[in-house]
Amino acid sequence: MAKVKLPDGSTLEVDNSLTGKQLAEQIGPGLAKSAIAAKINGQLKDLSAPIFLDGLEEAEIQIITPKDREGLELMRHSCAHIMAEAICSIWPGTRLVYGPTVYDGFYYDIDLDEPIRPTDFEKIEQKMAEIVKADTPFVRKEMSREEALNKLKDDKYKTDNINRADSDSISFYSHSDCFEDLCRGPHVPSTGKIVAFKVMSVAGAYWHGDATQKMLQRVYGTAWANKKDLEEYLNRIEEAKKRDHRVLGKQLDLFSFNEAGPGFAFMHAKGMVIWNAIIDFWRSVHNKYGYEEIRTPIILNESLWHKSGHWDHYKENMYFTTIDEVEYAVKPMNCPGGCLVYNTRKHSYREFPKRVAELGLVHRHEASGVMHGLFRVRQFTQDDAHIFCTPEQIEPEIISVIELVFEIYKAFGFKDFHIELSTKPENHIGSDEIWEIATNALKAALIHKGIDFKINEGDGAFYGPKIDFHIEDCLKRSWQLGTIQLDFSMPERFGLVYTDKDNTEKAPVMIHRAILGSFERFIGILIEHYAANFPLWLAPEQVRVLPISEKTNDYAKTIESKLKDANLRFSCDLSDEKINSKIVKAYNDKVPYMLVIGPREAESGTVNVRIRGLKENQTIEIDKFLEMINSKIADKIIDLAF
RNA sequence: GCCGAUGUGGCUCAACGGUAGAGCACGGCUUUCGUAAAGCCGGGGUUGUGGGUUCAAUUCCCACCAUCGGCUCCA
């Protein structure tokens, strides 16, 4: 006899030849029915596998069902196999490469010359349904690495997978006579356990993500514990589409793109209101934190970019032009210009830390296939700054930047973020020694501030290591915004110096930093985060006046002049539509407050306020309303209710 | 840049080898209305661009451009 310990802390005396499946049956028929795998001493195993191996007599065990995150993933992995069989049976020439799970689903990379099209998905799903209906068991077979290599010697993809496998024992899974796949497992007991799935999309993907390798076809699918979860997932995708900043940007007249300039955004009047609101706030905070602001040219002589190292390390992403037979480059970064400004006069250690901000318009030639609304453009405005300081000032300066970052993110309603530290890339300038000093300085600041961070080896900028700030939006998607980069190379290349206490000239340390990253991208993120229901202080139109009929148009005029005096952004709907129609229009425009006014309000000097997102409306004196709304704007309150 | 898909009035979409239709938006008229879309009338498209096949192309084919979904890259 042996002992198992269950997740609730209880223990059971059981036979030591017991499998997970049998254990589930002993615990209860309901569990046995929904069980898809067993977690034995922390390791996921097939339900058919024996619990006690190597003479062990005790095990901690958890029966996994599709309700567990791990169970769901396992199900998706099994579903990937089922989809692979379906594809192989429809296109017999298919060669399978790799089929892992991803967040919300799975994919299978295949090598097949004939392109699979979205119109084929139904056919694949039908075939999958047949396989599921047959409810055949997943069967595991193990063999040595050598045997496996021999078995698959003609299959370069699977041979490669075997060579990459950790274990010397290689396993295969089959769930029917005509399908077998190399796989570590585990899998659900039988194909019938997969109840809710869908083939989602197909796209190209390089083998091993390497652009020099063959382009494979990646077929994406999803699977859920039940039909309802699948429906909810599909609805969620629909909802996310409605938040798409490209859709909302067009709908709300915020910005546009045109074939005349792919990757170059046109900001419309309403988009610029948001833009300027952000800048006003940004300036005031930077002022508080002791920054000065400069502005440097967009086009500068090519020789400058040779000097900075951009020519050697960033040329592919730069635009060039010729003026009077002299070669120029369009700036992809602001730092060289900033260095030229620094060098226009002598500097003393007494000025340090010298914090110089620049809302710099940069151009980067992005590959045509990567452009994506405002998230990925070829021209964008960085909220850049360069801090010149002494080596001793590095740490307090970095800490001060981190505090500034947090203050700004909080104002926009972003509370969840994480930090990553990126180290020396292959393509870099400066000695290893300098890189180490710089990297350690960043690390020390994070550690002293007690901030958790993740390390990205080899992801730094070519001139220095960096700390990146990633925020999470309301849909739990992560976006990189801010960055702090430590640079010892640029000051040297540009011969930057300051006079130290001992009257000698030394090279300053240069800290590059951006907080919102790119205004364009940041506005895109705000649109999606708020579904364009902007906080009052950012909303392009804060208030709309809706007279019931033209009888109250005169009263509307007096309300309008009060709104104007209060410095609010508003409009008045004087159309001869009915009030219902006016409400719908204002609703679609996502205006925070609608002021409905009729004879009743005109008589009492009040307005009837409809608050965005709330069903009820309330009548309030216009002066009280103005007072309330102005205090919300001043304090950047996100909640509109009062 | 690579793979695949898509491209029809301002927007969303329909249709078709015989030169295009709806809703919304827009303009005019009627209506003046109390909390999520009043009615009528009207204007607007050489169907992304350039070639080719055909008696005939918006529809079929090719190239290019742009967009979308991914890959690689990235603020």
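Side chains included, hydrogens not; waters and symmetry mates left out as well; all remaining heavy atoms used. Naming: A, B, ... by sequence-line order, numbering from 1 per chain.
- Nucleic acid contact for A:Val362: none, since no nucleic acid atom lies under 4.0 Å from a heavy atom of the residue.
- Rounded to whole angstrom, the span from the CG atom of A:Leu481 across to the C1' atom of B:C74 amounts to 14 Å.
- The shortest side-chain heavy-atom distance between A:Asn334 and A:His386 falls under the 4.5 Å cut-off.
- As judged by a 4.0 angstrom heavy-atom cut-off over every strand, A:Asn608 is placed among the base-contacting residues.
- Candidate nucleotides B:A38, B:C3, B:C73 were compared by shortest atom distance to the side chain of A:Met215, and B:C3 ranks first.
- Among the heavy atoms of the strands lying under 4.0 Å from A:Arg218 are primed sugar atoms or P, OP1, OP2 only; no base atom is included.
- Protein atom CZ of A:Arg544 is 16 Å distant from nucleotide atom P of B:A36, rounded to whole Å.
- Within 4.0 Å (heavy atoms only), A:Glu520 reaches no atom of the nucleic acid at all.
- Counting atom types as modelled, A:Gln379 pairs no side-chain N or O with a base atom of B:A75 as donor and acceptor under 3.5 Å.
- Separation of the P atoms belonging to B:C68 and B:U31 is 47 Å when rounded to the nearest angstrom.
- Ion pairing between A:Asp120 and A:Lys123 holds under the 4.0 Å rule for side-chain N and carboxylate O.
- Here, B:U54 and B:C40 have their P atoms 49 Å apart, quoted to the whole Å.
- Rounded to whole angstrom, the span from the CG atom of A:Asp210 across to the P atom of B:C71 amounts to 15 Å.
- Distance from the side chain of A:Pro262 is smallest for B:A66 among the nucleotides B:A66, B:A36, B:A75.
- The shortest side-chain heavy-atom distance between A:Met83 and A:Phe106 falls under the 4.5 Å cut-off.
- Nucleic acid contact class of A:Gln217 (heavy atoms, under 4.0 Å, all strands): none.
- Taking the side chain of A:Ser368 as heavy atoms from C-beta on, and the options B:G70, B:A36, B:G1, the nearest nucleotide is B:G1.
- For A:Glu259, the listed nucleotide lying nearest its side chain is B:C65; candidates were B:C33, B:C65, B:G70.
- The listed nucleotides are B:A75, B:G70, B:U72; the one nearest the side chain of A:Val370 is B:U72.
- Remark: B:G4 base-pairs with B:C68. Criterion, Watson-Crick or G-U wobble with two distances under 3.5 Å.
- Both A:Lys250 and A:Arg246 sit near RNA chain B, but only A:Lys250 has its closest nucleotide nearer the 5' end.
- Partner assigned to B:C26 is B:G42, using Watson-Crick or G-U wobble distances below 3.5 angstrom.
- Both thresholds, 5.5 Å between centres and 30° between ring planes, are met by A:Phe380 relative to the base of B:A75, so the two rings are stacked.
- In this structure, A:Arg117 reaches the B:A5 phosphate: one of its side-chain N or O atoms is under 4.0 Å from OP1 or OP2.
- Remark: side-chain polar atoms of A:Arg612 are paired, donor with acceptor, to backbone N or O of A:Asn533 under 3.5 angstrom.
- Side-chain contact between A:Leu96 and A:Cys88: present, with at least one pair of heavy atoms (C-beta onward) separated by less than 4.5 Å.
- Between A:Thr483 and the phosphate of B:A75, there is no side-chain N or O to OP1/OP2 separation shorter than 4.0 Å.
- Candidate nucleotides B:C74, B:A38, B:A66 were compared by shortest atom distance to the side chain of A:Arg521, and B:C74 ranks first.
- A distance of about 45 Å separates the P atoms of B:G70 and B:C55, rounded to the whole Å.
- Side-chain atoms of A:Arg376 lie closest to B:C73 of the nucleotides B:C73, B:A38, B:A37.
- At the heavy-atom level, A:Ser581 lies under 4.0 Å from the strands shown only through sugar-phosphate atoms.
- A donor-acceptor contact closer than 3.5 angstrom links the side chains of A:His208 and A:Arg164.
- Ring-centre distance between A:Phe462 and A:His310: below the 6.0 Å cut-off.
- In this structure, A:Lys466 reaches the B:A75 phosphate: one of its side-chain N or O atoms is under 4.0 Å from OP1 or OP2.
- Nucleotide B:A20 has no partner under the Watson-Crick or G-U criteria, as no pair reaches both atom distances under 3.5 Å.
- Taking only distance into account, the side chain of A:Arg610 meets the base of B:A36 through a donor-acceptor pair shorter than 3.5 Å.
- Distance check on atom P: B:U12 versus B:G48 gives 14 Å, rounded to whole Å.
- Distance, A:Asn580 CG to B:G39 P: 13 Å, rounded to whole Å.
- Comparing A:Leu516 and A:Gly209, the nucleotide of RNA chain B nearest to each residue sits closer to the 5' end for A:Gly209.
- As rounded to whole Å, 6 Å separates atom P of B:G1 from atom NE2 of A:His365.
- Rounded to a whole angstrom, the distance from the C1' atom of B:C29 to that of B:G43 is 15 Å.
- In summary, the side chains of A:Thr619 and A:Asn608 do present a donor paired with an acceptor at a separation below 3.5 Å, with no hydrogens or angles considered.
- Within 4.0 Å of A:Gln480, counting heavy atoms only, lie sugar-phosphate atoms of the nucleic acid but no base atom.
- Here A:Ile579 lies in heavy-atom contact (under 4.0 Å) with sugar-phosphate atoms only.
- Remark: P of B:C68 and CG of A:Asp244 are 9 Å apart, rounded to the nearest angstrom.
- The base of B:G70 does not come close enough to the side chain of A:Tyr206 for any donor and acceptor atom to sit less than 3.5 Å apart.
- Residue A:Glu601 places its side chain closer to B:G34 than to any other of B:G34, B:C2, B:A36.
- A:Ile467 has its CD1 atom 17 Å from the C1' atom of B:A75, to the nearest Å.
- No engagement by A:Ala514 is indicated, since no non-hydrogen atom pair under 4.0 Å with the nucleic acid exists.
- Counting any heavy atom pair closer than 4.0 Å across all strands shown, A:Phe257 reaches no nucleic acid atom.
- Among the nucleotides B:A36, B:A38, B:G34, the one closest to the side chain of A:Asp576 is B:A38.
- On the C1' atoms, B:C65 is 24 Å away from B:A20, given to the nearest whole Å.
- Look at the C1' atom in both B:A38 and B:U32: the space between them is 11 Å, to the nearest Å.
- For A:Gln382 and A:Ser518, the side-chain atoms include no donor-acceptor pair closer than 3.5 Å.
- Taking only side-chain nitrogens and oxygens, A:His208 never comes nearer than 4.0 Å to OP1 or OP2 of B:C71.
- Using a 4.0 Å heavy-atom criterion, one finds that A:Met371 contacts the sugar-phosphate atoms exclusively.
- A straight line from CG of A:Asp589 to C1' of B:C11 spans 14 Å, rounded to a whole angstrom.
- Taking only side-chain atoms of A:Ser518, from C-beta outward, the nucleotide of B:U32, B:U72, B:A75 with the closest atom is B:A75.
- Here A:Pro115 lies in heavy-atom contact (under 4.0 Å) with sugar-phosphate atoms only.
- Looking only at side-chain heavy atoms (C-beta outward), A:Leu248 and A:Lys590 come within less than 4.5 Å of each other.
- On the P atoms, B:U6 is 10 Å away from B:C60, given to the nearest whole Å.
- In a base pair of the Watson-Crick type (N1 to N3 plus N6-O4 or O6-N4) or a G-U wobble (N1-O2 and O6-N3), with each distance short of 3.5 Å, B:U49 is matched with B:A63.
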